[in-house]
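Down below is the structure, laid out as C-alpha cells.
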Amino acid sequence: MEISLDQKNISCRKEVFRQTKMIQEHADFIVPDRYEDIAKLAFTEIQLLLKGKDLTSHGASVNGSAEINLFYIAEGLERLRCVSLVKDFTVDFDSEAVTADSVLQASIVSQGVQTRLVNSRKIALQLAINVELTAWTEDVFPLSVQIDTNVENGMQLLWDKKSCMLTTEVTEKTFVISEQIPLPSDESVTQIVCSHAELVCYEHQMIGSKLLLKGGAELRFGYETESSLLPQFSAQCIPFSVLIDSPGEDVDIGSVILQPTALYATLADAVNGSKVVEAEIHAVAQISFCAEKEMTYLSDAFSTRFPLQREEKALSVCSSRRRETHSAAAEEQSDSDETAYSIVAKRGELLSYAIRDGKAVASAVISGVLRAEDGSLSVSQKLLSFEMQMPDDCCELSQARLLSYEVRTEQNRISFSAEIQFDFDTFDYAELCAISSILLDTDNAYSLAGLPALTLTRQKNESVWELAKRYHTSVAAIEEMSGKYELPPHILLIPRS
C-alpha cells in the first residue's frame, strides 16, 4: 500500500551553471599619423563594456568590448600622449544545463594588459579578461509535506522545520547616468583623451512594490589643453538611483552585478564660455532576489502494525547568507638616482584576485610618470601584492576593487602604495534528509505476541521517538503512560499499542 504525500511547492530559481573563463586577446596597434613617435610606454587603462549575453544552440555566449587607453612619452618632445584602441570579444560557454528558458547573468573583469613596443609606431598588446557566466532555470522547492494519518495503519510521523534562503527571481534593469562636469575656466581644453567608469552599489531598500538601488559611478577622464604638454586628469563620483519592480514584498536582494554597457565623454561649450564634459554612462543591473522561507519536511516515519519501506531524498538548503567587506593595503619602494623628480601622472590597475591556500590574494600594478628638473620624463612601476585570511571557512570571494593608490618621491626613493577592498559572501548550508515516498506492507502485519503489554525501561542515548519505534508504540502513548506515575529520571513506561 503506497502512502501518498501531499507536497506544497514554491516557485524559485535554481543555479544550474556557473563557469569562469579567462581569455587572452592579442592585437597590434599602429599609432595614427597625427600622433608623435613613441619613446617609451607609460601605462594603460582599460574600460570593459558588456555588450550582450545570448542563448545558443550549445549553451550561451557573452559579448563584450575592451576600450584600451595607452599613454606613452612622445619621442623628442617630452610629452605624454594617449592613443586608444577598441577590441571586441566573444566568449562561448558549452553546457547542456543551459536551456532555452534559462536566465543569464554575466560579469567581466580585467586581468591586466601587457604591452610591448615593437617600434616607434607599433605596439603589441595582450589583454587578459575573466568572463563569468551564471545560468538560472525555473524550479520548484518543497516548502511543506502533508500526509493524512490513518490510525488503523498505526502510522507515526516525525516532522522537522528548517529556515532556508531561496532565490525567488533573477532579473535585470538597464539605466543611464548623465552628468555635465564643468572644467576649469582658466584652461583652454582641446579634447578629451580618455575616460573610465566604475559602478558601485552602496545600498538598497524596498519602497512599496519597488526596489531602490543607490550607488555611485566613479568617473575618471583625462583631457588635453593648449598650454600643457601633459594630459590633465579629473575624477568625480556621480550618484545614481534606480527603481526596479520587486517580485514580492517579503524578498531581499541576493546579489547585484553592475556592468557598464557604453561610456561617452564628450567636450561641450558651457553657457559662460568655458568647457564642460558631457558624461553619459549606460549600464545594466543584474539582480537576484531571495526570500527566507520555513520548510516543513517529513524526516522519519514508521508503523506500529506493518513493516514500512521508504525512500529518502537529500536536500542541501542555504539557511543564511551575509556579505562582509575587508580592505588590505600594501606599499613598496624603488631606488632612484639623486635627481629630483616630481610626479606628473599616476595610474593603478588591479591585475587579479583569487583564493589561494585559505587566503584572499590580489595583485595590482602602480605606475608613475616622473619629470626631472630638466623637464625630461620617465616611467617607474611597481607590482604590489595583497593577501588576507579568509574571514570564514564557508565563504566565497565575490570581487575585489582598487580603492586608492599613490606614488610619491622621498629623497632617493619612489614609494608606491595602494589599498584594495575584498568582498566576501558567506553561506551557511544545512544537509537535510527528507522522506519522498512511503510503502506499507499491509499483507504482513507485525507479530506482537512476544512483546509485553507494558515495558519499564531506562532512557539512555535513545530518544522517545526511537524507543517508540523499537517497541511498536507511539510517542504520545509513552508520554501518557509515564506521566501517570512519579518515576525516577529517564525511567519510562512503554505500553504496547
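Excluded from the calculations below are hydrogen atoms, water molecules and symmetry mates; all remaining heavy atoms, backbone and side chain alike, are included. Fair warning: this is a prediction, and the values are worked out from it, not measured in the lab.
- Shown here for Val276 and Pro182, the closest heavy-atom pair between the two residues is CG1-CA, 3.8 Å.
- Gln47 places none of its side-chain heavy atoms less than 4.5 Å from the side chain of Glu198.
- Using a cutoff of 4.0 Å between basic side-chain nitrogens and carboxylate oxygens, Arg81 and Glu224 are scored as salt-bridged.
- Distance check: Ile108 CD1 to Leu50 CG gives 5.0 Å after rounding to the nearest 0.5 Å.
- Side-chain contact check for Ser415 and Glu410: at least one donor-acceptor pair (N or O, by modelled atom type) lies under 3.5 Å.
- Closest heavy-atom contact between Ala283 and Leu199: CB-CD1, 3.3 Å.
- No hydrogens or angles considered: nothing links the side chains of Gln421 and Ser327 as a donor-acceptor pair under 3.5 Å.
- By the 4.5 Å heavy-atom criterion applied to side chains, His204 and Asp252 are counted as neighbours.
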Practice prompt. Kindly determine whether Glu132 and Arg18 satisfy salt bridge (Lys or Arg N to Asp or Glu O under 4.0 Å), including the steps that lead there.
Written response: CA-CA 7 Å; Glu132 182 178 75; Arg18 182 189 291 264; 3.3 Å; yes
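- Residues Phe89 and Val131 have side chains in contact (heavy-atom distance under 4.5 Å, counting atoms from C-beta outward).
- Residues Ser417 and Glu406 bring no donor and acceptor atom of their side chains to less than 3.5 Å of each other.
- The CZ atom of Arg13 sits 8.0 Å away from the OG atom of Ser102 when rounded to the nearest 0.5 Å.
- Taking CD from Gln259 and OG1 from Thr174, the interatomic distance works out to 14.0 Å, rounded to the nearest 0.5 Å.
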Worksheet entry | Worked check of side-chain contact (heavy atoms from CB on, under 4.5 Å) between Ser378 and Tyr341 | CA-CA 10 Å; Ser378 60; Tyr341 291 104; 4.0 Å; yes
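- With 3.5 Å as the limit, one finds a donor-acceptor pair spanning the side chains of Ser363 and Ser352.
- With 3.5 Å as the limit, one finds a donor-acceptor pair spanning the side chains of Asn69 and Ser84.
- Of all heavy-atom pairs between Cys237 and Glu218, the closest is SG-CG, 4.2 Å.
- Looking at Glu75 and Ile38, their side chains never come closer than 4.5 Å, going by heavy atoms from C-beta outward.
- Remark: Ala400 pairs with Leu350, Tyr353, Phe422 by the side chain to side chain contact (heavy atoms under 4.5 Å, CB included) rule, at least two apart or across chains.
- Using modelled atom types, one finds no donor on one side chain facing an acceptor on the other under 3.5 Å when comparing Thr225 with Glu187.
- A heavy-atom distance below 4.5 Å is found between the side chains of Ile68 and Leu125.
- Two residues are said to be in side-chain contact when any heavy atoms from C-beta on lie closer than 4.5 Å; Phe175 and Val284 fail this criterion.
- Rounding to the nearest 0.5 Å places CD of Glu312 at 3.5 Å from SG of Cys433.
- A donor and an acceptor atom, one from each side chain of Ser398 and Asp423, are nowhere located under 3.5 Å apart.
- Summarising the local packing, CG of Asp357 is surrounded by 12 or fewer heavy atoms from other residues, nucleotides or ligands at distances under 6.0 Å.
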Worksheet item: Going through the distances and angles, do Arg408 and Glu331 end up as a salt bridge (Lys or Arg N to Asp or Glu O under 4.0 Å)?
Response: CA-CA 11 Å; Arg408 60 186 183 273; Glu331 184 172 356; 2.8 Å; yes
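- Side-chain atoms of Gln286 and Glu172 form no donor-acceptor pair, as typed in the model, at a separation below 3.5 Å.
- No hydrogens or angles considered: a donor-acceptor pair under 3.5 Å links the side chains of Asp88 and Ser65.
- Side chains of Ser255 and Ser288: a donor-acceptor N/O pair is present below 3.5 angstrom, by distance only.
- Side-chain atoms of Glu324 never come within 3.5 Å of backbone atoms of Arg322 as a donor-acceptor pair (strictly under, hydrogens ignored).
- With a 4.5 Å cut-off on side-chain heavy atoms, His282 and Tyr264 count as touching.
- Side-chain contact between Glu45 and Glu349: absent, with no pair of heavy atoms (C-beta onward) separated by less than 4.5 Å.
- Between Phe17 and Phe93, the ring-plane angle classifies as perpendicular under the 30° and 60° cut-offs.
- Look at Lys293 and Asp250 and you find a salt bridge, because one of the NZ, NE, NH1 or NH2 atoms lies within 4.0 Å of a carboxylate O, short of that distance.
- Here the side chain of Lys21 pairs no donor or acceptor atom with the backbone of Asn130 at under 3.5 angstrom.
- Atom NZ of Lys51 has more than 12 neighbouring heavy atoms from other residues, nucleotides or ligands inside a 6.0 Å radius.
- The distance from the CZ atom of Phe289 to the OG1 atom of Thr171 is 6.5 Å, given to the nearest 0.5 Å.
- Distance CD1/Ile10 to OG/Ser144: 10.5 Å, rounded to 0.5 Å.
- Counted by atom type alone, Gln105 and Thr134 present zero donor-acceptor pairs between their side chains at under 3.5 Å.
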Discussion item. Could you walk me through whether Lys382 and Glu332 satisfy the salt bridge (Lys or Arg N to Asp or Glu O under 4.0 Å) test, starting with their C-alpha distance in whole Å, then the side-chain angles of each, then the deciding distance to 0.1 Å, before giving a yes or no?
Written reply: CA-CA 7 Å; Lys382 181 66 71 172; Glu332 295 282 349; 5.2 Å; no
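- Under a 4.0 Å N-O distance rule, the pair Glu36/Arg121 does not qualify as a salt bridge.
- In this structure, Glu179 contributes its side chain and Ala279 its backbone to no donor-acceptor pair below 3.5 Å.
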Worksheet item: Run the ring pair (Phe, Tyr, Trp, His ring centres under 6.0 Å) check on Phe71 and Phe233 step by step: do they pass?
Response: CA-CA 13 Å; Phe71 291 83; Phe233 298 96; 5.6 Å; yes
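- Screening Ile73, Leu80, Leu370 against Val379 for a side-chain contact (heavy atoms from CB on, under 4.5 Å) leaves a single residue, Ile73.
- Atom CZ of Arg371 has 12 or fewer heavy atoms from other residues, nucleotides or ligands within 6.0 Å.
- Sparse packing is recorded around NZ of Lys173, with 12 or fewer heavy atoms of other residues, nucleotides or ligands lying under 6.0 Å away.
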Worksheet item: Lys14 and Glu138: salt bridge (Lys or Arg N to Asp or Glu O under 4.0 Å), yes or no, with the steps?
Response: CA-CA 6 Å; Lys14 179 181 179 182; Glu138 194 169 357; over 6 Å; no
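- For Ala135 against Val98, the heavy-atom pair with the smallest separation is CB-CG2, 3.9 Å.
- For Ser163 (side chain) and Glu294 (main-chain N/O), no donor-acceptor pair under 3.5 Å exists by modelled atom type.
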Worksheet entry | Test log, rule ring pair (Phe, Tyr, Trp, His ring centres under 6.0 Å), inputs Phe221 and His196 | CA-CA 6 Å; Phe221 59 91; His196 181 274; over 10 Å; no
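- Taking both residues in full, the closest heavy atoms of Leu133 and Ala106 are given as CD1-CB, 4.4 Å, listed atom of the first, atom of the second, then distance.
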